[in-house]
2 protein chains.
Amino acid sequence: MDDGEARTRVLDAAEELFYGRGIQTVGMDAVRGASGVALRRLYQLFPSKGALVEAYLLRRDARWRAGLAAYVDAVDAPPRERVLAVFDWLRDWFEEPGFRGCAFINSFGELGATSPEVAGAARRHKEEFFRYVTRLVAAAGAPDSAGRQVALLAEGAMTTAALTGSSAPAREARDAAAALLDAAVRR
Amino acid sequence: MDDGEARTRVLDAAEELFYGRGIQTVGMDAVRGASGVALRRLYQLFPSKGALVEAYLLRRDARWRAGLAAYVDAVDAPPRERVLAVFDWLRDWFEEPGFRGCAFINSFGELGATSPEVAGAARRHKEEFFRYVTRLVAAAGAPDSAGRQVALLAEGAMTTAALTGSSAPAREARDAAAALLDAAVRR
DNA sequence: ACAGCGTGAGAACGATCGTTCTCACGCGCT
DNA sequence: AGCGCGTGAGAACGATCGTTCTCACGCTGT
């Protein structure tokens, strides 16, 4: 097993464990067990648990936003529908087994106060997400303020879906976003 | 110092520490130091750290919702303005020094996967909040669906304010809620 | 074939945490 | 006054965690 494969195996295990059980709850030994990569090698790939956490967040950010962008890109419809497609993607995500809310909100709640790296990663992730939503909303002819409002709805849907274990917030947020868009464009 | 005062001193210290730094980051020794209550007595007031965490969440839930309700009750205005007052109260909260987001979302992200008690406390808190918002929205003549949408906006504002360290999301969510209310009532 | 470097498995180390125990002290009751 | 229960301060204990070390093993180059 070369370094590249070891790295992805470690990151895959770390992502499943950190996301599923929380970061502090998961020891490096659990990552070793789930990845099959020896502790010694694990530490030469990632010099500390903090570095592994950072890598986990970084890769998840890239994957998550790429997944959303790919989904929206595949929607061949007017800009308004492309904005709403964000909430369809969220619904699919909420219904995935093992869904436990937004990894960045969770890790920020857990470590944001004590780890500037985690706080920064979460902030950057949300900034990018807000920027992306605002761009979609702008294409639908609504101002930036509407973009931020739509993003707030998405944010609320994520945490509420996590707390209640239901995907219904995706639909409710989608309806609200549609109403906001129509109100903002009609003006 | 009688038991009642010791209890509130412990709970005050626990709230400040758990909310400010996260639950797992704070040891019982830190609670002892901040409260001035000896470890032995601390454990006879709360038989375990889990029990103290539960008590912390329970008291914070009651205080938080009572504070919101008192603020809204003091607003002598039409029902629509009373709904929007929720977001004014949120703005004030966001601007308090030490604001670090919703304690229940944070603790759910940290321990929701491993502690049914924490998960349940967070779920109940949000349920009550949603019920309260829905009641305010109903008084303004909008359906329950609009109530849940407004609550999603509040939820999103909380997490976004925490992540960005800004109170602007309160205003943006307020504007969005106003638009949603007007659209829902006009129909 | 053989010396040597890197590897894997896991023990070991130091720190920390939740929880309990020790022990000397102060207060209330008779 | 003297006895005893409960208290406070902190040491102690067992577990766990992040990280490093040990050591035997297998592959590589000549």
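Hydrogens, waters and symmetry mates are skipped; everything else that's a heavy atom, side chains included, is used. Note on naming: letters A, B, ... go to the chains in the order of the sequence lines (proteins, then strands), and numbering restarts at 1 for each one.
Here A/A157 pairs with A/F94, A/P169, A/A173 under the side-chain contact (heavy atoms from CB on, under 4.5 Å) rule; sequence neighbours left out.
With a 6.0 Å cutoff to the six-membered ring centre and a 45° limit on the axis angle, A/R60 counts as a cation-pi contact of A/Y19.
Counting only residues at least two apart or on different chains, the salt bridge (charged side-chain N to carboxylate O under 4.0 Å, His left out) pairs with a member in residues 131-143 of chain A are A/E128-A/R131. For residues 95-123 of chain A, no residue pair satisfies the salt bridge (charged side-chain N to carboxylate O under 4.0 Å, His left out) rule, not counting sequence neighbours.
Across A/A30 and A/L17, no two heavy atoms sit closer than the pair O-CD1, 3.6 Å.
Considering only side-chain N and O atoms, B/Q44 lies nowhere under 4.0 angstrom from the phosphate OP1 or OP2 of D/dG6.
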message = At under 4.0 Å between heavy atoms, how does the protein contact nucleotides 9-28 of chain C? Give one character per nucleotide, 5' to 3', with B, S or -.
response = -B-------SBB-B------
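Classification of A/R63 and A/D12 as a salt-bridged pair holds, one side-chain N sitting under 4.0 Å from a carboxylate O.
Distance check: B/Q149 CD to B/L181 CG gives 9.5 Å after rounding to the nearest 0.5 Å.
Inter-axis angle, ends of the helix from C/dA1-D/dT30 to C/dT30-D/dA1, five pairs per end, rounded to 10 degrees: 10°.
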Show me, pair by pair, the donor-acceptor contacts under 3.5 angstrom made by side chains of residues 43-52 of chain B, not counting sequence neighbours?
unit_1: B/S48; atom_1: OG; unit_2: B/G50; atom_2: N; d: 3.4
unit_1: B/S48; atom_1: OG; unit_2: B/A51; atom_2: N; d: 3.2
unit_1: B/K49; atom_1: NZ; unit_2: B/I23; atom_2: O; d: 3.1
unit_1: B/K49; atom_1: NZ; unit_2: B/V26; atom_2: O; d: 2.8

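In this entry the distance linking CZ of A/R41 with P of C/dT7 reads 6 Å, nearest Å.
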